[in-house]
Amino acid sequence: MLDLPFDPIKRAREVEEAVMQGLARKYYRFRPARYYGGIATADLVGCPFLCAYCWNYGRNLHPEMTRDRYYSPQEVANRLLVIVKRKGFNKVRLSGAEPILGEQSFEHLYQVLNDIYKTNPGLDFILETNGLLLGSGPGFVRRLSQFERLGVRVALKGYDDKSFQDISGSERRFFALPMKGLGDMIREGINAWPAIMYEIFGPEGIGKINQELKGYEIRPEELEIEYLEPYPSVLENLKKRSISLHM
Ligand code: SF4
């Protein structure tokens with residue numbers, strides 16, 4: 001049982017222990033996906049947040065209980081490269097959970113990036129993250145800045161501290177960390193941008209988050225807006241947390 005709200009940094013440490021074995025990490029799927037015009041995708045297990053609208057809620061609630069396999073960085077890179085070749089894609093990504101939980105998972109990610117770029121330097125790598133550890137982790141941003149074709153999409157979970165807590169399950173005092181991580185990446189020259197879920201934010205929430213982002217010198221036109229996949233389990237979880245949708 002996970003009591004809400006929780007400390008997401010503490011939870012990140014616990015989740016990292018559950019999904020890492022040395023530098024190998026739990027993944028549950030490798031697939032071609034239609035997003036970004038076609039992209040090879042590796043779906044991870046383990047996230048420090050527990051968002052009400054997470055389509056991977058069960059796995060992220062109990063990452064220690066899944067029977068998914070652990071993959072070394074080289075195995076992950078190889079599987080992605082096979083999909084790229086088979087489908088003729090020029091993009092790869094990690095999705096399904098949070099790639100960066102701490103030092104160990106960061107090192108795994110770093111080696112995946114290195115292995116991919118050693119073989120195919122022309123690929124675009126999209127890192128989908130909630131940004132929490134990038135705003136608090138030691139030196140992660142600087143190490144990522146060496147990868148020229150890396151794009152980092154930071155999915156923001158709330159437009160103020162209350163909505164952040166309601167949506168992510170994390171204590172409200174951590175609201176600013178993902179935006180700090182985003183600002184740090186942009187300053188380091190990384191191609192990074194914020195993304196939000198329209199139905200959760202609504203026009204008012206979008207106005208508020210744009211005000212927050214201004215403080216990090218991020219312009220409104222850089223905000224990516226995505227739309228909710230209304231799976232029954234997602235709608236049920238949103239209802240349980242009394243979150244109403246903007247349609
Ligand atoms: S940050 Fe993403 S993966 Fe993590 S719980 Fe939220 S929606 Fe799911």
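First listed ligand is number 1; within each ligand, the first listed atom is number 1. Everything numeric in this text was worked out from a predicted model, so none of it was measured. Every heavy atom of this structure was used, including side-chain atoms; hydrogens, water molecules and symmetry mates were not.
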Atoms of ligand 1 close to Asn130 [distance to a heavy atom under 4.0 angstrom, numbered from 1]: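 Going through ligand 1 atom by atom, the ones under 4.0 Å from Asn130 are 1 (S).
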Atoms in ligand 1 with a heavy atom of Asn60 nearer than 4.0 Å: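 Counting atoms of ligand 1 from 1, those under 4.0 Å from Asn60 are 3 (S), 8 (Fe).
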Ligand 1 contact on Ala97 by region, counting heavy-atom pairs under 4.0 Å: backbone
Proximity to ligand 1 by part of Glu98, non-hydrogen separation under 4.0 Å: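 It is neither part, as no heavy atom is under 4.0 Å.
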Protein heavy atom at shortest distance from [atom]:
atom                    : answer
atom 2 (Fe) of ligand 1 : Lys157 NZ, 3.9 Å
atom 4 (Fe) of ligand 1 : Cys47 SG, 2.3 Å
atom 8 (Fe) of ligand 1 : Cys54 SG, 2.4 Å

Check against side-chain hydrogen bond (donor to acceptor under 3.5 Å, both in side chains), Glu222 and Trp193: CA-CA 6 Å; Glu222 291 177 90; Trp193 66 96; over 6 Å; no
Ring pair (Phe, Tyr, Trp, His ring centres under 6.0 Å) partner of Tyr110, chosen from Phe140, Phe147, Phe125: Phe147
Tyr27 and Tyr71 aromatic ring geometry - parallel, tilted or perpendicular at 30°/60° bounds: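 Perpendicular: the ring planes of Tyr71 and Tyr27 meet at over 60°.
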Heavy-atom check, side chain of Leu80 versus side chain of Leu123, under 4.5 Å: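 Side chain of Leu80 against side chain of Leu123, heavy atoms only: no contact under 4.5 Å found.
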Lys91 side chain reached by Arg93 side chain, heavy atoms, under 4.5 Å: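 Answer no - side chains too far apart.
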Salt-bridge contact Glu107-Arg143 (side-chain N to carboxylate O under 4.0 Å): yes
Asp43 and its salt bridge (Lys or Arg N to Asp or Glu O under 4.0 Å) partner, picked from Arg79, Lys26, Arg31, Arg59: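 Answer after filtering Arg79, Lys26, Arg31, Arg59: Arg31.
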Sub-4.0 Å heavy-atom contact, Asn56 with ligand 1: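 Asn56: no contact with ligand 1 (<4.0 Å).
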N, O or S from Cys51 under 2.8 Å to atom 8 (Fe) of ligand 1: no
